[in-house]
Each structure stands twice: as C-alpha cells, then as structure tokens.
Amino acid sequence: MTVRISQTADVQQFFEQAAGFDQPGGDQRMKTVVHRVLNDSIKIIEDLQITPEEFWKAVNYLNDLGRRQEAGLLVAGLGLEHYLDLLLDAEDAQAGHVGGTPRTIEGPLYVAGAPVSEHFARLDDGQDPGTVLYMTGQVRDTEGQPLANAVVDVWHANTGGTYSYFDPSQSEFNLRRRILTDADGRYRFQSIVPSGYGCPPYGPTQQLLDQLGRHGQRPAHIHFFISAPGHRHLTTQINLAGDKYLHDDFAYATRDELIAEIHFSEDAKGPRADIDFDFVLQPTAAPEDQTRRERVRALEA
Ligand code: DHB
Ligand code: FE
C-alpha cells in the first residue's frame with residue numbers, strides 16, 4: 001500500500017513555512033529554490049518509497065562528500081557539469097554566439113594565481129620522469145585574426161594523474177602556468193605528458209559510481225582558460241588522442257573538436273611528444289563575458 005501525503009494542503013503549507021515563505025526576512029531567491037528542493041524531495045520519497053534507512057544513508061553520504069571535499073567531483077561524474085555546458089551551448093546557439101573552440105568542463109582542480117610568463121613557459125619542475133612534452137599553438141578570433149597578449153592559463157596532472165596543490169607532494173604551481181601570447185597570437189610550453197585521472201578509489205564519489213556499475217577514470221587531458229580583452233572567456237580542455245578512456249570519460253568532457261593528436265618521437269635528448277593546438281575565441285563587448293564564471297576555486301580571491 002502506498003501512502004501519499006505530499007500534495008495535501010497541510011503538508012504543502014508546512015513546507016512553505018519551512019522555506020520561510022511566511023517570514024519577512026531572508027532572500028527571496030533562496031526561499032524559492034529551497035521550497036522547490038523540499039517539494040521535489042518529498043515527491044521522490046513517496047514516488048520511490050524511500051525508506052528511513054535509505055534517507056539517513058543519503059544524509060550521511062552528504063557528510064562524507066563534504067568531509068572529503070568531493071562534491072565538485074560528484075557533480076562532474078554524474079554529468080551535471082557537462083549538462084551546464086550543453087545548456088550554455090544551447091543558450092549561445094539561440095543568441096547567435098557561434099563559432100570558436102567549444103567549451104568543456106573546468107573540473108574541480110584549478111588553482112588561481114599560477115606564475116605568468118611571456119610567450120613560453122616550462123610547466124614542470126623536473127621531478128617527474130615523464131616524457132617531455134612540447135605544446136604550441138595560436139589564439140585567434142573567429143575572423144581568423146591572431147590575438148596578441150591573450151592569456152593561456154594551463155593546468156594538468158602529472159604522470160600519476162594527480163594535480164599540484166591537491167597533491168601536496170608536488171611543488172607549488174607544478175604543471176600550472178599562465179602564458180601570454182606573442183604578437184602573432186602564439187604560445188609555447190614545455191612540460192611532461194600527463195596521465196589520465198582516476199577518482200580517489202575509496203572516496204564517496206567512487207563508492208557511488210561503483211553502485212552505478214561505472215568507473216571513475218578520465219583520459220589524459222590538459223585544461224585551459226583562454227582569455228583576451230574584447231573576447232569571450234573560454235573554459236576548455238584538450239583530450240589526448242589514443243587514450244583508452246578518450247570516449248569513455250567519467251566526467252564527459254571529451255568533445256570531437258577538443259581531441260588533440262600527440263606525436264611521439266625521439267630527439268638528441270631522448271623521447272619527446274609534440275602537440276599543436278589552436279584556440280579560437282568569440283568576440284564580445286560585454287565585460288562579464290570576458291572573465292571566468294564565479295565559483296569557489298583554490299587560492300582565488
Ligand atoms: C574532474 C575533472 C578533471 O579534469 C580531473 O582531472 C578530475 C576530475 C571532474 O570533473 O570531476
Ligand atoms: Fe583534470
């Protein structure tokens with residue numbers, strides 16, 4: 001027998017009170033959102049006949065997620081961060097903002113304030129014995145004009161698949177730099193070929209993925225924020241061709257236009273890898289479109 005009470009006047013009025021509808025203070029937007037969350041939650045409880053045991057398990061899961069700082073990981077793994085990209089893409093298409101390099105998820109591992117250099121940077125501190133990587137490319141606008149002094153803010157994992165700052169064994173800002181493009185819009189860097197990322201194996205994100213029968217792996221990839229005055233800020237990544245997880249990314253970041261070929265060869269100093277990848281930005285006059293979206297990020301003011 002299914003008992004339903006969520007749509008009764010008493011329960012409806014009760015959750016309107018819980019969301020502060022009868023209070024003069026507080027924030028209207030927050031009241032609207034919280035009311036909707038409560039209403040949808042009680043519908044889920046009734047529709048799926050969630051038991052008290054399941055309910056308290058979920059509450060405890062949220063505590064675990066926060067304790068391990070994995071909420072950002074979980075929203076990516078459940079496809080919600082990618083969904084935000086799809087929604088922004090659809091809004092852009094409707095507004096006629098088309099062309100240029102596609103956006104893809106930022107992920108939870110950016111650190112603000114990486115060292116800045118002109119035209120070239122070496123990203124690695126020399127401690128990781130990975131294959132030497134040389135990457136270069138040009139930043140242009142959708143008319144094909146090179147963008148000088150564009151900021152290429154790049155970050156990636158080491159050969160263990162971990163990121164400096166979050167992995168305290170790495171040096172400060174290892175594999176993180178901001179590079180200003182030259183007069184021809186070009187940037188260059190030397191680094192090491194990154195490995196793919198895997199969710200912490202005993203963390204709450206992987207625990208949930210296990211219950212969905214899913215893995216928590218990402219292909220090898222390199223993150224970028226690309227920005228230039230008068231142009232829309234771009235949050236993107238390249239995903240390296242040939243990776244086993246290229247089309248099986250647990251965070252759904254791979255897009256066809258963002259697959260980068262990587263060429264392995266040998267020079268006088270040993271094995272090396274080369275990537276050539278250009279970025280194309282859309283023009284905009286709106287200042288708020290020229291910066292990254294607000295989000296809590298490590299070391300960001
Ligand atoms: C996620 C994204 C990354 O780029 C990464 O290296 C790890 C996790 C994520 O979206 O969860
Ligand atoms: Fe990443």
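Below, all heavy atoms of this structure are taken into account, side chains as well, without hydrogens, waters or symmetry copies. Note that ligands are numbered from 1 as they come in the structure, with each ligand's atoms numbered from 1 the same way.
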- Query: Do E106 and H223 have side chains that get closer than 4.5 Å, going by heavy atoms?
  - Reply: no

- Task: Evaluate the side-chain proximity of F250 to L209: yes if any heavy-atom separation is below 4.5 Å, no if none is.
- Result: yes

- Under 3.5 Å, is there a donor-acceptor pair between the side chain of E261 and the main chain of I275? no

- Atom pair CD1 (I226) and OG1 (T235), whose distance is rounded to the nearest 0.5 Å: 9.5 Å

- Do side-chain atoms of K57 reach the backbone of P52 as a donor and acceptor pair under 3.5 angstrom? no

- Item | Test item: T236 side-chain N/O and F224 main-chain N/O as donor-acceptor pair under 3.5 Å | no

- Item | Neighbour count above 12 (heavy atom, 6.0 Å) for Y83 OH | no

- Message: Working note: R177 + D124, criterion salt bridge (charged side-chain N to carboxylate O under 4.0 Å, His left out); need CA distance, chi angles, decisive distance, verdict.
- Response: CA-CA 10 Å; R177 287 295 183 278; D124 68 299; over 6 Å; no

- Does CD in Q7 sit with more than 12 non-hydrogen atoms of other residues, nucleotides or ligands closer than 6.0 Å? yes

- Message: Keeping to distances under 2.8 Å, can you name the protein N/O/S atoms close to the Fe ion (ligand 2)?
- Response: Y163 OH, H221 NE2, H223 NE2

Which protein N or O atoms sit under 3.5 Å from any N or O of ligand 1? Give each pair with its distance.
from	atom 1	to	atom 2	distance (Å)
ligand 1	4 (O)	R218	NH1	2.7
ligand 1	4 (O)	H221	NE2	3.0
ligand 1	4 (O)	H223	NE2	2.6
ligand 1	6 (O)	Y163	OH	2.8
ligand 1	6 (O)	H221	NE2	3.2

